[in-house]
Amino acid sequence: MQALLAPQSIAVIGASRNPDTLGTIILQNCISAGFTGRLIPVNPKYAGEQILGYTCEATITQETAVDMAVIVVPSTYVEQIVSECIEAQVGSVIIISAGFAEVGNQQLQERIAKKLRAANIPLLGPNCLGIIAPAARLNASFADGSPLPGGIAFASQSGAFCTALLDWALAERIGFSHFVSLGNAAGVTETELLQAWDNDPAVHAMVFYLETIHQVNAWKNSLQKTHKPIIVLQPGASTAARQASRSHTGSLAPNARITEEFYRSTGVVQVRTMRQMQSLLQLLSSNPTPKSSSESGITVVTNAGGIGVMTADILAEYTLPLAPLSEETRTLLREILPPAASVLNPIDIIGDAGKERYEATLRCLITRPEVEEILLLMSPQKNTQIVETCTMIAALQTTTKKPIRCVLTGGEKIQPGREVLEEHQVAHFPTPSEAIEALSLLRRRHKDPLPERPDTMPKHPRLATPGLQNQQITSALCAAYGIFTPPSKTCTTLKEALHFTQQYAPIVLKIDAPAAVHKTELHGVRLHLSTREEVSTAWESLQQNITEQQLEGARLLAQQMIPEDSIAVIAGIKRDPHFGPVMVVGAGGIYAELIADTALRILPTSAISTMLEGTKVGRILQGERGQHYAISALLELLERLQTLALCHPELREIDLNPVLITAEAAYAVDVKFLV
């Protein structure tokens, strides 16, 4: 990867005497970036001639011996040129050319990628913008401009997103260590870049724009290993495919939620908009590094009381705490501020504050132990010395490790202050909400512990028959994996149902049939049956339903009824085509999808015990209203459900709805296994 990220010599294959061709633009960008290594234009049409001051070669050979070959020719010639690059033993290849998988030419792309893989040569592209590494004075791209040097590494699967972000970053003076367009990612993917950047001390944070994930497991393993901040913008939440599901679990686990859980569990900050990404880039490009603890208090300084109050509300909305100021700190602030000022947090230094008052306040605060991070608000008022104050802030920030984040509200009058902060890489935002949202996103970073292999448990034989499994198989699987279900019996005669009632009354009688997935919708459940008359009436009614609805293979299932003071929970597994088995748990019953009070975990996971923390049903189970439920029994059931899912990859969906939680136990009342 060194030959790709920091080459010492570059051949641009396809450069010409025409300054408007992509090959020549790339060669010019290499020159403009101040590249100090060898540059070789390659084009048989201009062999021996000068292109931008460099002698053009007819073809690339072993004598050329370059670290990087940038190919900018029509796609029909690329495969032959790649073969020449392999023979010439180039260090890396960038294919700028389009005309591959993005237009349906998948086979050509795969042949080229396979050849380079076999030769152990990294491939960037095809159909990409190229690569920029400011510290290496490298701009092997056709981008219009080059970013400033910095500590952020950026990669994108969209060339247009690259150019848009680059233009914004130049205006905001945001610096990058690398700026990479992945294109079709036939060779180097986001995973290889992350691994290389994780080992690069010059890279402090990584940012990705991804439209798809290549090799999910490798990506996940790499994310788990790094401790550097990682930001991902991955669109598609609104158009995510929702596969037809035969269970509540499947409908409660759409692709967008699974992707969100994937990034949450690996410590990645997933953003939804370009504006969110830009706000985080502001923070990450500034010094010092943003606080990572959600408990760290924020101290707000403002020259506008109303904006200060609004900021306090927004902090509360994002559950970010205001730092509690000690009496000693408030006494010191009273000595330097006018009587009308407020020394509570937010600290209102009032509207006539100039540079001296801002500076005195900040110098006091950075010495105080309870002050960890300062959010400074400035609105353009009559006495506001905007440029002078911002210059002071930039200088003061170099003397302290306590971050000073600025919110400069306004337009034309405040703009000179923004320019000063940009020049000195002090993070600034146009509104309090944008600043607080960015701080909140970074503080939420958390990695779930790497999961251990589940305890060995009895493994049921593989299920071969596709579709919904019958009650016999369902009961056997639950018993094999220790998932507790109420006493049940499939009854073929009314006499059997009556005998079961004598043992377990009150009972539930319900239809058991391949087509009866959601029994309530088919009016296929009868509750609270204790007497002979009640059971007989329910039996006749359900048999009539079976006949009217032509339910093939239908039988009636008798089951002991769980006490009514239980809480209904849904627990299940959906096997996602990209991420594998996903567990869902939350509020259950017939309104599970309507309530949608659920949490997800991608399996295997060691974080099942925390699944219920963000749900309302979890609060109820923890004793919100003084009632106590067997939440430990539910968590044990979820652990066993995980083991079952990992041992049986043929199970496409598992649906336990409801699981009824009493004070003593957790009963899986209705269980479906779908192969």
Practice prompt. Run the salt-bridge test on Glu260 and Arg257 with the 4.0 Å N-O cut-off and return the result as yes or no.
Written response: no

Practice prompt. Any chance you could measure Leu315, atom CG, to Leu439, atom CG, to the nearest 0.5 Å?
Written response: 8.5 Å

Fill in: Separation between CG of Leu441 and OG of Ser279, rounded to the nearest 0.5 Å
8.5 Å

Worksheet entry | Distance in Å, Ile174 CD1 paired with Leu165 CG, rounded so as to fall on 0.5 Å steps | 9.0 Å

Worksheet item: Taking all non-hydrogen atoms of both residues, which atom of Arg418 and which atom of Gly410 are closest, and how far apart?
Response: NH2-O, 3.0 Å

Practice prompt. Just do the side-chain contact (heavy atoms from CB on, under 4.5 Å) check on Arg264 and Arg601 with the steps written out, would you?
Written response: CA-CA 10 Å; Arg264 184 209 64 78; Arg601 290 290 185 272; 3.6 Å; yes

Discussion item. Using modelled atom types and a 3.5 Å cut-off, is there a donor and acceptor pairing between side-chain atoms of Asn29 and backbone atoms of Ala143?
Written reply: yes

Fill in: Residues in salt bridge (Lys or Arg N to Asp or Glu O under 4.0 Å) contact with Arg363, at least two apart in sequence or another chain
Glu359

Worksheet item: Roughly how far, to the nearest 0.5 Å, is CD1 of Ile374 from CD1 of Ile298?
Response: 11.0 Å

Discussion item. Measuring from atom CD1 of Ile152 to atom CE of Met206, what distance do you get when rounded to the nearest 0.5 angstrom?
Written reply: 11.5 Å

Worksheet entry | Flag, side chain of Gln282 to backbone of Phe429, donor-acceptor distance under 3.5 Å | no

Discussion item. What I want to check is whether the side chains of Thr191 and Gln215 have a donor and an acceptor closer together than 3.5 Å.
Written reply: no

Worksheet, complete the sentence: His424 and Val420 have their tightest heavy-atom pair at ND1-O, 3.0 Å

Discussion item. Is it the case that over 12 heavy atoms from other parts of the model lie below 6.0 angstrom from the CZ atom of Arg137?
Written reply: no

Fill in: Heavy-atom closest contact (Asp200 atom, Ala202 atom, distance)
OD1-N, 2.9 Å

Discussion item. Quick check: do Val180 and Val188 have side-chain heavy atoms less than 4.5 Å from each other?
Written reply: no

Worksheet entry | Counterpart residues, salt bridge (Lys or Arg N to Asp or Glu O under 4.0 Å), relative to Asp167 (two or more places apart) | none

Practice prompt. Before giving the answer on side-chain contact (heavy atoms from CB on, under 4.5 Å), spell out for Asp144 and Thr163 the whole-Å C-alpha distance, their side-chain angles and the decisive distance to 0.1 Å.
Written response: CA-CA 8 Å; Asp144 185 13; Thr163 56; over 6 Å; no

Fill in: Thr598 side, atom OG1; Lys616 side, atom NZ - distance, nearest 0.5 Å
10.5 Å

Worksheet, complete the sentence: Minimal heavy-atom distance between Ala153 and Val203, with the atoms involved, is CB-CG1, 3.8 Å

Discussion item. A side-chain contact here means heavy atoms from C-beta on lying under 4.5 Å apart; do Pro346 and Leu322 qualify?
Written reply: yes

Fill in: Passing option when Phe208 is tested against Tyr263, Trp219, Phe179 for ring pair (Phe, Tyr, Trp, His ring centres under 6.0 Å)
Trp219

Worksheet entry | Check: Leu442 and Leu284 side chains under 4.5 Å, non-hydrogen atoms | yes

Worksheet item: Between the side chain of Ser265 and the main-chain N/O of Phe262, is any donor-acceptor distance below 3.5 Å?
Response: yes

Discussion item. For the backbone of Arg173 and the side chain of Glu422, can you confirm whether one donor and one acceptor N or O come within less than 3.5 Å of each other?
Written reply: no

Item to complete: Would you check if Leu362 and Met392 make a side-chain contact, meaning some heavy-atom pair closer than 4.5 Å?
Response: yes

Worksheet item: Does some side-chain heavy atom of Thr389 sit less than 4.5 Å from a side-chain heavy atom of Leu376?
Response: no

Discussion item. Show the nearest heavy-atom pair for residues Asn303 and Gln381, with the distance to one decimal.
Written reply: O-NE2, 2.8 Å

Worksheet item: Quick one: which of Lys401, Lys402, Arg443 gives a salt bridge (charged side-chain N to carboxylate O under 4.0 Å, His left out) with Glu373?
Response: Arg443

Fill in: Under 3.5 Å donor-acceptor, Lys220 side chain and Phe579 backbone
no

Worksheet item: So, does Glu613 use its side chain to make a donor-acceptor pair with the main chain of Gly618 at under 3.5 Å?
Response: no

Worksheet item: Tell me the side chain to side chain donor-acceptor pair (under 3.5 Å) pairs involving residues 342-354, sequence neighbours left out?
Response: Asp352-Arg357

Worksheet entry | Side-chain donor-acceptor contact under 3.5 Å, Gln234 with Gln270 | no

Worksheet item: Does the side chain of Leu193 reach to within under 4.5 Å of the side chain of Met1, using non-hydrogen atoms?
Response: yes

Item to complete: Inspect the surroundings of CD in Glu412 and state if more than 12 heavy atoms from other residues, nucleotides or ligands are less than 6.0 Å away.
Response: no

Discussion item. Using side-chain contact (heavy atoms from CB on, under 4.5 Å), reason through Met583 and Thr605 one step at a time and then give a plain yes or no.
Written reply: CA-CA 9 Å; Met583 179 179 287; Thr605 179; over 6 Å; no

Discussion item. Looking only at side-chain N and O atoms, does Glu388 offer a donor or acceptor that is under 3.5 Å from a partner on Thr391?
Written reply: no

Discussion item. Using a 3.5 Å distance criterion without hydrogens, assess whether the side chain of Lys447 forms a donor-acceptor pair with backbone atoms of Leu223.
Written reply: yes

Practice prompt. Let me see the working for Leu396 and Ile393 under side-chain contact (heavy atoms from CB on, under 4.5 Å), right down to the final yes or no.
Written response: CA-CA 5 Å; Leu396 186 61; Ile393 293 168; 5.7 Å; no

Worksheet entry | Donor-acceptor contact below 3.5 Å, side chain Thr189 vs main chain Ala185 | no

Discussion item. Please identify which of these residues, Ile347, Ile366, Thr361, Ile404, meets the side chain to side chain contact (heavy atoms under 4.5 Å, CB included) condition with Thr299.
Written reply: Ile347

Worksheet item: Okay, side chain of Ser440, backbone of Ile436: is any donor-acceptor separation there less than 3.5 Å?
Response: no

Discussion item. Looking at every heavy atom in both Ile386 and Pro380, which two are closest together, and how far apart are they?
Written reply: CD1-CB, 3.9 Å

Worksheet entry | Pairwise side-chain contact, Pro19 with Gln28, heavy-atom cut-off 4.5 Å (strictly under) | no

Worksheet item: Between Lys225 (side chain) and Asp198 (backbone), is there a donor-acceptor pair under 3.5 Å?
Response: no

Practice prompt. Would you indicate whether the side-chain heavy atoms of Pro430 and Val407 approach each other to under 4.5 Å?
Written response: no

Discussion item. Classify the ring geometry of Tyr209 against Phe161: parallel below 30°, tilted from 30° to 60°, perpendicular beyond 60°.
Written reply: parallel

Discussion item. Take a 6.0 Å sphere around CD of Gln276 and say whether it holds more than 12 heavy atoms from other residues, nucleotides or ligands.
Written reply: yes

